[in-house]
Amino acid sequence: MENRYDVITRINDYVSKMSKSQKMIAAFIYDHYDQAVFMTAAKLGETVGVSESTVVRFASSIGYNGYPEFQKDLEEWVQNKINSVQRIGVKYGQSTQSEILTSVLNADIEKINDTIQHLDPVAFETAVNIILDARNVYIMGIRSCAPLADFLHFYLNMIRGNVMLLRTTSVSETFEQMIRIDEKDAIIGISFPRYSMRTLKAMEYANDRNAKVITITDTVHSPMNLYSSCNLLARSDMVSIVDSLVAPLSLINALVVALCLKRPEEVKRNLRDLEYAWNNYQVYLNDEINFIDEEPMLNYPLWKEKK
């Protein structure tokens, strides 16, 4: 089991107080810890583009007596990560496919139940109101969190206008897409281990511009909470060789449902307009739709009124 106050947690706790150069080091460690663990202070500095002394000060700033002590803790953290994958191999290596399926699904159920127990309902309600009141809503989630961001963007766009998904491969591109963000806007940052420094910087920029910041992340120790005024926590632990994102997706689903119930008439109107566009402009061809009772799915209403 990982130390509750391991090297990554230390970095998370101190990142808000770091200088620009130190944040560059933290970002490299987040994204390339498997390389950083073998680097001397000089090599790490050269790779990141800072001096060796800056790397040494970085280690001291997060509570270590020097770089060797920091590197030892990083090595231990990486080893724990490797061992967790090995433990998965031991756990599932002799299992049947059916047993693996049952075990993984039960683990996901556990994570959803844990999320139910620990999610702050006040924060959830606050997030709903922020999203509805904002002039523009920006959404950012990269790497494994990109599907979550896509899902949220798709359904928010059904509920309200002016929803922008930040697609980027660099921090500079992120700022270009959100250059007009201000106090009337909101951003939703989605990030789970390994945390994305690009997403964190976008949230920091939004916070500096007085925008409302919502985060969807895993724990109170996540660095994503640093610039957020509203923290939505969903448990995401390693259940196989990848992290489980079932609980975060369920949280986003609940968020969408809550938003729909706040604006039912607008949602129904948008769905009717969308159905009209699909039919009128023949978005779906006959070979792209399912048939039920020999009639195209498009002929079925998307929203059924309760009688």
Side-chain angles (χ1 to χ4, degrees), residues 1-89 140-147 167-175 189-204 217-219 221-224 226 236-245:
M1 188 173 182
E2 290 182 18
N3 185 347
R4 185 174 179 82
Y5 202 65
D6 57 36
V7 63
I8 299 300
T9 302
R10 283 177 181 266
I11 295 174
N12 295 344
D13 287 348
Y14 285 95
V15 72
S16 63
K17 304 172 185 176
M18 292 180 185
S19 66
K20 181 179 178 180
S21 295
Q22 290 173 337
K23 286 181 179 179
M24 290 170 61
I25 298 170
F28 182 83
I29 293 170
Y30 281 139
D31 291 338
H32 306 286
Y33 59 79
D34 51 343
Q35 299 175 36
V37 69
F38 298 110
M39 292 181 176
T40 63
K43 182 61 177 178
L44 180 55
E46 178 185 348
T47 303
V48 175
V50 300
S51 66
E52 179 180 357
S53 59
T54 300
V55 176
V56 174
R57 284 196 299 272
F58 167 83
S60 299
S61 72
I62 59 175
Y64 292 102
N65 292 325
Y67 185 78
E69 186 180 5
F70 159 78
Q71 192 175 35
K72 180 181 177 181
D73 255 19
L74 182 60
E75 182 180 352
E76 181 180 342
W77 186 84
V78 172
Q79 188 62 48
N80 283 336
K81 283 289 183 183
I82 294 172
N83 288 341
S84 66
V85 175
Q86 291 173 340
R87 287 195 296 270
I88 289 165
M140 186 167 183
I142 64 173
R143 295 199 297 266
S144 63
C145 293
R167 298 183 183 275
T168 175
T169 57
S170 71
V171 175
S172 61
E173 289 177 4
T174 302
F175 295 154
I190 308 172
S191 190
F192 293 83
R194 296 181 292 172
Y195 302 111
S196 164
M197 185 58 76
R198 270 183 281 156
T199 302
L200 183 63
K201 285 184 176 293
M203 295 167 66
E204 181 181 7
T217 190
D218 59 334
T219 73
H221 298 292
S222 169
M224 297 300 120
L226 291 172
S236 173
D237 295 332
M238 183 175 285
V239 68
S240 62
I241 60 171
V242 296
D243 289 329
S244 170
L245 294 177

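Quick note: residue numbers are just sequence positions, from 1. Quick caveat: nothing in here was measured; it's all calculated off a predicted structure.
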So how far is it from [X] [atom1] to [Y] [atom2], rounded to the nearest 0.5 Å?
| X | Y | atom1 | atom2 | result |
| --- | --- | --- | --- | --- |
| Ile11 | Leu74 | CD1 | CG | 7.0 Å |
| Asp218 | Phe192 | CG | CZ | 6.0 Å |
| Met39 | Tyr33 | CE | OH | 14.5 Å |
| Met224 | Ser196 | CE | OG | 6.0 Å |
| Met140 | Cys145 | CE | SG | 10.5 Å |
| Ser191 | Met203 | OG | CE | 8.5 Å |

Notebook entry, point to check: Out of Ile142, Thr217, Thr174, which one pairs with Thr199 under the side chain to side chain contact (heavy atoms under 4.5 Å, CB included) rule?
Noted result: Ile142

Item checked: Gln22 side chain vs Ser19 backbone, donor-acceptor pair below 3.5 Å -> yes

Margin query: Centroid separation under 6.0 Å, is that true for the rings of Phe58 and Phe70?
Written below: yes

Check: Within a radius of less than 6.0 Å around CD of Glu204, do more than 12 heavy atoms belonging to other residues, nucleotides or ligands occur?
Finding: yes

Note to self: Would Arg10 pass as a cation-pi partner of Tyr64, given that its NZ or CZ must be under 6.0 Å from the six-membered ring centre and within 45 degrees of the axis?
What the structure shows: yes

Note to self: Can a side-chain donor-acceptor contact be found between Ser51 and Thr54 if the only test is distance below 3.5 angstrom?
What the structure shows: yes

